[in-house]
Amino acid sequence: MCGRYAQTADMRELMEQFEVSGTSPQSSLPLNWNIAPTNPIYIIRADDRTGKDTQSKKALATVSWGLIGPWLTDMHEARASQSRAINARSESIHEKPTFRNAFRSTRCLIPATGYYEWATALGQYRPKQPFYITSRNGLQLPIAGIWSSWTAPNGEIIETASIITQEAQGELETIHSRMPVFMPSDRWDTWLNPRNSDVNELKALMVVEHPESIVIARPVSDAVNSVANNGKELTIETPLGEPETLF
DNA sequence: CCAGACGTTGTT
DNA sequence: GTCTGG
DNA sequence: CCAGACGTTGTT
DNA sequence: GTCTGG
């Protein structure tokens with residue numbers, strides 16, 4: 001699922017919606033309607049990693065999309081690892097070597113203006129028909145994620161993040177079998193607090209009744225397929241082509 | 001013991 | 001680094 | 001996630 | 001078919 005998304009808000013807007021009172025990046029990211037794996041992205045995380053901060057202040061940060069296996073030592077392998085670890089299954093995230101440490105200690109929210117989903121071959125839509133999925137209330141989608149820090153051989157510190165997924169529900173199920181985990185605002189502080197490391201409690205936070213009810217999916221053109229394309233037009237609703245094979 | 005994986009999605 | 005498979 | 005490459009030697 | 005790059 002979520003392998004491409006849009007982030008077209010400025011920092012001020014994100015800091016408002018996510019109540020960021022801690023640190024924030026020195027410079028903002030360019031508006032991007034076609035964010036691809038390994039691209040720079042915004043995340044919201046606890047300002048104080050130790051969890052000693054009782055005010056649970058939140059920070060805005062920029063990281064690279066896709067976690068790096070913590071045992072890796074080679075820059076090239078790290079890059080390859082990132083492309084393969086952009087999504088973490090909520091069902092198994094607590095036991096996967098690539099994700100488990102980050103799940104226990106460094107969770108985050110990944111804000112998305114909207115994300116793209118391509119229809120699967122066996123559904124009711126033309127295979128690869130792209131959809132743009134946004135929040136019904138016009139706010140940013142608060143996607144549950146994890147982040148981690150990796151030190152390259154040359155000493156460079158690379159921070160990365162991955163999106164957590166779950167089984168698709170409701171209407172989204174007709175497009176694709178997976179969807180992101182959306183984190184309700186009343187759970188943000190608990191989710192982000194590094195002191196919370198109980199696997200069962202954390203997994204419970206990812207379970208929401210009718211998570212699909214907060215979003216709406218609209219078909220868009222194939223232009224989004226190529227990462228070379230970028231712009232508001234990628235998100236404009238486009239009529240569906242012939243939905244089924246004619247016989 | 002050592003070697004090899006370590007991830008997700010979707011699928012003929 | 002740590003787990004799984006052989 | 002999709003698109004595009006998938007190769008070598010020698011060199012303007 | 002499978003990997004890399006974006």
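Residue numbering restarts at 1 for every chain, and letters A, B, ... go by the order of the sequence lines.
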Quick check for you: among B:dT11, B:dT9, D:dC2, whose closest atom lies nearest to any side-chain atom of A:Thr165? B:dT9
In whole Å, what is the span from the CD1 atom of A:Ile133 to the C1' atom of D:dC1? 12 Å
Quickly work out the A:Ile93 CD1 to B:dT8 P distance and round it to whole Å. 8 Å
Under 4.0 Å: is that the gap between some side-chain N or O of A:Arg89 and OP1 or OP2 of B:dT8? no
Classify the side-chain pair A:Gln7/A:Gln140 by whether it contains a donor and acceptor separated by less than 3.5 Å. yes
Interatomic distance where CZ belongs to A:Arg84 and P belongs to D:dC1 [whole Å]: 14 Å
I need the residues from residues 220-238 of chain A with at least one non-hydrogen atom less than 4.0 Å from DNA chain E; give them sorted by number, or say none. A:Val227
Pairing donors with acceptors under 3.5 angstrom, does anything connect the side chains of A:Asp47 and A:Thr23? yes
So A:Ser162, base contact, sugar-phosphate only, or nothing? Heavy-atom distance under 4.0 Å. nothing
For A:Gln129 and D:dC1, what is the distance between atoms CD and P respectively, to the nearest whole Å? 16 Å
Sticking with atom P, work out how far D:dC1 lies from B:dT12, rounded to a whole angstrom. 15 Å
Report which part of the nucleic acid A:Arg79 touches: base, sugar-phosphate, or nothing (heavy-atom distance under 4.0 Å, all strands). base
Do A:Gln82 and A:Ser64 meet the criterion of a side-chain donor-acceptor pair at a distance under 3.5 Å? yes
If we call it a pair only when both distances are under 3.5 Å in a Watson-Crick or G-U wobble match, what pairs with C:dC3? B:dG4
Without hydrogens or angle criteria, can the side chains of A:Trp118 and A:Asn225 be said to hold a donor-acceptor pair below 3.5 Å? yes
What is the separation between atom NZ on A:Lys96 and atom P on B:dT9, rounded to the nearest whole Å? 11 Å
Between D:dC2 atom P and A:Asn39 atom CG, what is the distance in whole Å? 16 Å
Pick the C1' atom in B:dT9 and in C:dC3, then give their distance to the nearest Å. 24 Å
What integer number of Å spans the P atoms of E:dT2 and B:dA5? 14 Å
What class does the angle between the rings of A:Tyr116 and A:Tyr132 fall in, given that below 30° is parallel, 30 to 60° is tilted and above 60° is perpendicular? tilted
For A:Tyr5, which contact category applies under a 4.0 Å heavy-atom criterion: base, sugar-phosphate, or nothing? nothing
Would A:Asn230 and A:Asn32 count as having a side-chain donor-acceptor pair, cut-off 3.5 Å? yes
In whole angstrom, give the distance that lies between atom CG of A:Asn87 and atom P of B:dG7. 13 Å
Please lay out, stage by stage, how A:Arg178 and A:Glu91 fare under the test salt bridge (Lys or Arg N to Asp or Glu O under 4.0 Å). CA-CA 12 Å; A:Arg178 307 287 298 174; A:Glu91 299 91 332; 2.8 Å; yes
Side-chain ion pair, A:Lys128 and A:Asp222, N-O less than 4.0 Å: no
Among B:dG7, B:dT9, B:dT11, which nucleotide has an atom closest to any side-chain atom of A:Ala121? B:dT11
Whole-Å C1' distance, E:dG1 and B:dT11: 13 Å
I need a per-nucleotide contact map over nucleotides 1-6 of chain C, read 5' to 3'. Cutoff is protein heavy atoms under 4.0 Å; write B for the base, S for backbone only, - otherwise. BSS---
Under 6.0 Å from the ring centre and within 45 degrees of the ring axis: does the NZ or CZ of A:Arg45 meet both conditions for the six-membered ring of A:Trp147? yes
Are side-chain heavy atoms of A:Trp191 and A:Cys108 found at a separation under 4.5 Å? no
Can you check the A:Lys128 NZ to B:dT9 C1' distance for me, whole Å? 12 Å
